[in-house]
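Letters A, B, ... are given to chains in the order of the sequence lines, protein chains preceding strands, and every chain is numbered from 1.
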Amino acid sequence: MKKTNNHFFDEVYQVVRLIPKGRVSTYGAIAKYIATGKSARMVGWAMNKAGSVSPKVPAHRVVNRIGLLTGKHHFNNGPNTMQQLLEKEGLLIIDDQIQQFELFFWDPMIELSIE
DNA sequence: CGATTGACGTACG
DNA sequence: TCGTACGCCAATC
């Protein structure tokens with residue numbers, strides 16, 4: 001058995017699940033909240049596993065720092081799944097980019113930092 | 001076991 | 001302002 005730092009992945013799943021409906025977060029923000037922002041890529045890897053863990057992690061609520069749906073192609077149901085889900089939550093997405101992303105941005109460092 | 005990849009981000013030109 | 005290069009860290013080939 002290799003006791004990898006599942007703490008990182010676990011935290012990622014926890015945080016992503018805490019993202020409220022109609023809100024989105026970024027890999028960098030999550031990574032920064034957990035691993036001091038040095039492993040934004042690891043968050044993406046965690047998301048890749050997200051489809052293999054349970055309950056499934058709302059990976060569609062996690063995008064890159066510019067609000068671009070970079071990972072939509074990784075969804076099992078199809079590349080449109082991510083956008084459809086986000087639109088269904090009240091978000092507006094044009095050209096795979098979330099409009100007014102700043103307004104919907106859910107930062108765990110802030111939201112979870114509230115006493 | 002070594003090299004490459006990867007759903008990112010920041011720095012530099 | 002836009003484009004390219006590099007760094008992180010783990011998993012996969």
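The salt bridge (charged side-chain N to carboxylate O under 4.0 Å, His left out) contacts involving residues 25-37 of chain A comprise nothing, where partners must be two or more places apart or lie in separate chains.
Under the side chain to side chain contact (heavy atoms under 4.5 Å, CB included) criterion, A:A35 pairs with A:F8, A:S39, not counting sequence neighbours. Annotation: side-chain hydrogen bond (donor to acceptor under 3.5 Å, both in side chains) contacts of A:R23 (sequence neighbours excluded): none. Legend: residues meeting side chain to side chain contact (heavy atoms under 4.5 Å, CB included) with A:L112, ordered by chain and number and at least two apart, are A:V15, A:L18, A:Y33, A:W106, A:P108. Not counting sequence neighbours, A:E111 has no partner by the salt bridge (charged side-chain N to carboxylate O under 4.0 Å, His left out) test.
Near-neighbour residues of DNA chain B inside residues 90-106 of chain A, defined by a heavy atom below 4.0 Å, are absent.
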Would you give me the side-chain donor-acceptor pairs under 3.5 Å for residues 90-103 of chain A, sequence neighbours excluded?
from, atom 1, to, atom 2, distance (Å)
A:D96, OD1, A:K72, NZ, 2.8
A:D96, OD2, A:K72, NZ, 2.7
A:Q99, NE2, A:Q97, O, 3.2

Quiz: residues 73-84 of chain A side-chain donor-acceptor pairs under 3.5 angstrom, not counting sequence neighbours:
from, atom 1, to, atom 2, distance (Å)
A:T81, OG1, A:G78, N, 3.4
A:T81, OG1, A:G78, O, 2.9
A:Q83, NE2, A:E87, OE2, 3.1

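The backbone N or O of A:V62 sits less than 3.5 Å from a side-chain atom of A:Y27, completing a donor-acceptor pair.
Counting to the nearest Å, the P atom of C:dC8 and the CZ atom of A:F8 are 14 Å from each other. In this structure, NE2 of A:H73 is placed 18 Å from C1' of B:dT5, rounded to the nearest angstrom.
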Please write out the pairs of protein N or O atoms and N or O atoms of nucleotides 6-9 of chain B separated by less than 3.5 Å, giving the distance to one decimal.
from, atom 1, to, atom 2, distance (Å)
B:dG6, O6, A:R41, NH1, 3.1
B:dG6, N2, A:W45, NE1, 2.6
B:dG6, N3, A:W45, NE1, 2.5
B:dA7, OP1, A:H74, NE2, 2.9
B:dA7, O5', A:H74, NE2, 3.2
B:dA7, N7, A:G44, O, 3.4
B:dA7, N7, A:N48, N, 3.3
B:dA7, N6, A:M47, O, 2.8
B:dA7, N3, A:Y27, OH, 3.2
B:dC8, OP1, A:T70, OG1, 3.2
B:dC8, N3, A:R41, NE, 3.3
B:dC8, N4, A:R41, NE, 3.3
B:dC8, N4, A:R41, NH2, 2.5
B:dG9, OP1, A:G28, N, 3.2
B:dG9, OP1, A:R65, N, 3.1
B:dG9, OP2, A:R65, N, 2.8

